[in-house]
Amino acid sequence: MTGYMIAGVALLLALAVVAYDRWHTARTIRQLDEMLTAAMNGSFSEQNFDESRLSALESRLARYLTASALSERNVREQKDQISTLISDISHQTKTPVANLQLYAQLLSEQPLTPQGKDCAAAISAQAEKLQTLIEALVKTSRLETGILALHPQPSEITRVVERAAAQYAPKAAERDIALTRGAHSGSAVFDPKWTEEAVCNLLDNAVKYTPAGGAVTVEVRNFELFSAIRVSDTGPGISEVEQAKIFGRFYRAPGAYQADGVGIGLYLTRQIAEKQGGYVKVESTPGKGSAFSLYIPRET
Ligand code: ADP
């Protein structure tokens with residue numbers, strides 16, 4: 001009889017241990033789950049969790065999440081500071097740059113020697129370049145920090161191509177360049193406003209670097225996963241060494257300095273492509289021309 005009693009007590013004890021173990025495991029998993037949910041919502045803080053009630057594993061996770069929440073907050077604050085600084089620079093330089101342009105204009109209206117006229121024109125051109133540079137800096141910094149976000153949505157490519165080509169038709173005609181549109185129908189998932197800006201950058205370069213009498217073509221090629229908006233020209237072409245560098249911020253190839261520009265167009269175009277899951281490809285043969293293709297995904 002006593003033997004049965006001992007066996008019974010032992011069984012009860014064993015059941016109690018198993019039940020406690022299960023309860024403890026379930027509680028730990030629940031606690032870890034709560035911590036991860038709080039971290040994902042951005043509301044995790046060590047104060048929300050009673051350290052004395054946490055197991056070693058939970059405590060380590062809590063410390064890790066606290067550290068990562070802190071570093072994320074630091075990065076966010078730094079980004080905000082940089083972006084505020086750039087906005088301040090842009091705001092504070094607006095009036096002096098506008099004044100520079102105004103005084104250069106007033107100066108050019110005075111009786112000047114030919115050299116004086118050249119200097120007034122140079123001041124005006126440099127002030128304009130400074131303004132373009134500041135605007136480009138503000139735009140890229142806002143894109144990089146995510147203040148300006150892209151909103152890709154299923155859209156027709158045709159409209160984007162037509163609007164961009166229409167903007168560059170007068171400049172092409174002025175420079176005696178035949179701007180033509182090839183097949184350009186298709187639909188993909190992209191942000192129409194920013195994509196138009198990217199296509200405009202490619203057209204701007206093609207029209208700017210192609211000598212008079214040349215040709216620029218914009219067309220759309222549809223593939224299984226991507227659609228490509230391709231801008232090709234009969235311009236000077238780009239060597240392989242330069243092709244690796246031209247997407248860099250403020251990079252301008254040595255031969256490009258006689259044309260207007262600040263070296264930000266291709267950098268911005270690549271940013272726009274990547275922020276909506278696409279990419280930019282360049283094909284070029286020096287002396288024959290270049291083709292830049294902006295790839296955008298056809299599905300999300
Ligand atoms: P920017 O045109 O203001 O210099 P981009 O970033 O648009 O700046 O282009 C970077 C460089 O790439 C240019 O300076 C030029 O050397 C080269 N490039 C871009 N597009 C073309 C083109 N279509 N033909 C020849 N060179 C080009």
Side-chain angles (χ1 to χ4, degrees), residues 90 97 122 124-144 148 160-161 164-165 167-182 184 194-221 228-275 278-295:
S90 146
V97 172
S124 175
Q126 291 300 312
E128 203 169 305
K129 190 166 179 171
L130 188 60
Q131 194 175 1
T132 313
L133 200 60
I134 293 167
E135 280 166 11
L137 256 179
V138 171
K139 202 178 277 181
T140 50
S141 119
R142 289 190 173 160
L143 259 183
E144 279 165 8
L148 280 178
V160 168
V161 168
Q167 279 180 59
Y168 280 89
K171 193 172 168 187
E174 192 186 301
R175 306 207 57 231
D176 190 21
I177 287 167
L179 172 58
T180 44
R181 282 172 295 179
H184 59 285
W194 283 102
T195 304
E196 185 180 320
E197 173 145 354
V199 178
C200 283
N201 288 340
L202 297 181
L203 280 171
D204 188 63
N205 282 344
V207 170
K208 189 165 70 179
Y209 294 114
T210 302
V216 170
T217 308
V218 53
E219 64 195 314
V220 174
R221 294 183 178 177
I229 305 175
R230 188 173 191 267
V231 176
S232 54
D233 64 54
T234 57
I238 307 157
S239 73
E240 243 176 79
V241 177
E242 291 300 325
Q243 285 177 32
K245 300 180 186 167
I246 53 175
F247 291 93
R249 188 152 56 166
F250 301 125
Y251 184 81
R252 306 200 72 203
Y257 284 97
Q258 58 268 45
D260 287 344
V262 293
I264 202 82
L266 287 179
Y267 176 80
L268 202 60
T269 303
R270 178 174 269 183
Q271 287 263 323
I272 294 170
E274 287 176 359
K275 291 218 179 279
Y279 59 98
V280 186
K281 200 171 117 184
V282 55
E283 299 155 272
S284 184
T285 311
K288 289 207 165 143
S290 312
F292 286 84
S293 301
L294 171 69
Y295 284 80

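Atoms within each ligand, like the ligands themselves, are counted from 1 in listed order. Heads up: numbering here begins at 1 and tracks the sequence. Just so you know, these numbers use all the heavy atoms, side chains as well, and skip hydrogens, waters and symmetry mates.
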Are Arg230 and Val220 packed together at the side-chain level, in the sense that at least one heavy-atom pair is separated by less than 4.5 angstrom?
no
Pairs involving residues 278-293, ordered by first then second residue, that meet side-chain hydrogen bond (donor to acceptor under 3.5 Å, both in side chains) (sequence neighbours left out)
Ser284-Ser290
Side-chain heavy-atom pair Phe250, Ile264 within 4.5 angstrom cut-off:
yes
Can you tell if the side chain of Ile229 reaches within under 4.5 Å of the side chain of Thr195, non-hydrogen atoms only?
yes
Listed once per pair and sorted, the side-chain hydrogen bond (donor to acceptor under 3.5 Å, both in side chains) pairs that draw on residues 200-212, sequence neighbours left out
Tyr168-Asp204, Lys171-Asp204, Asn201-Thr269, Tyr209-Arg252
With Tyr267, which residues qualify under side chain to side chain donor-acceptor pair (under 3.5 Å), at least two apart?
Glu144, Gln271
Hey, what polar pairs (N/O, under 3.5 Å) does ligand 1 make with protein?
| unit_1 | atom_1 | unit_2 | atom_2 | d |
| --- | --- | --- | --- | --- |
| ligand 1 | 2 (O) | Asn205 | OD1 | 3.0 |
| ligand 1 | 2 (O) | Lys208 | NZ | 2.9 |
| ligand 1 | 2 (O) | Tyr209 | OH | 2.7 |
| ligand 1 | 3 (O) | Val262 | N | 3.0 |
| ligand 1 | 3 (O) | Gly263 | N | 2.9 |
| ligand 1 | 4 (O) | Tyr209 | OH | 3.1 |
| ligand 1 | 4 (O) | Arg252 | NE | 2.5 |
| ligand 1 | 4 (O) | Arg252 | NH2 | 3.3 |
| ligand 1 | 6 (O) | Gly265 | N | 3.2 |
| ligand 1 | 6 (O) | Leu266 | N | 2.9 |
| ligand 1 | 7 (O) | Asn205 | OD1 | 3.2 |
| ligand 1 | 7 (O) | Asn205 | ND2 | 2.8 |
| ligand 1 | 7 (O) | Leu266 | N | 3.4 |
| ligand 1 | 8 (O) | Gly263 | N | 3.4 |
| ligand 1 | 14 (O) | Tyr209 | OH | 3.3 |
| ligand 1 | 14 (O) | Ala253 | N | 3.4 |
| ligand 1 | 16 (O) | Ala253 | N | 3.3 |
| ligand 1 | 20 (N) | Asn205 | ND2 | 3.4 |
| ligand 1 | 23 (N) | Asp233 | OD2 | 2.9 |

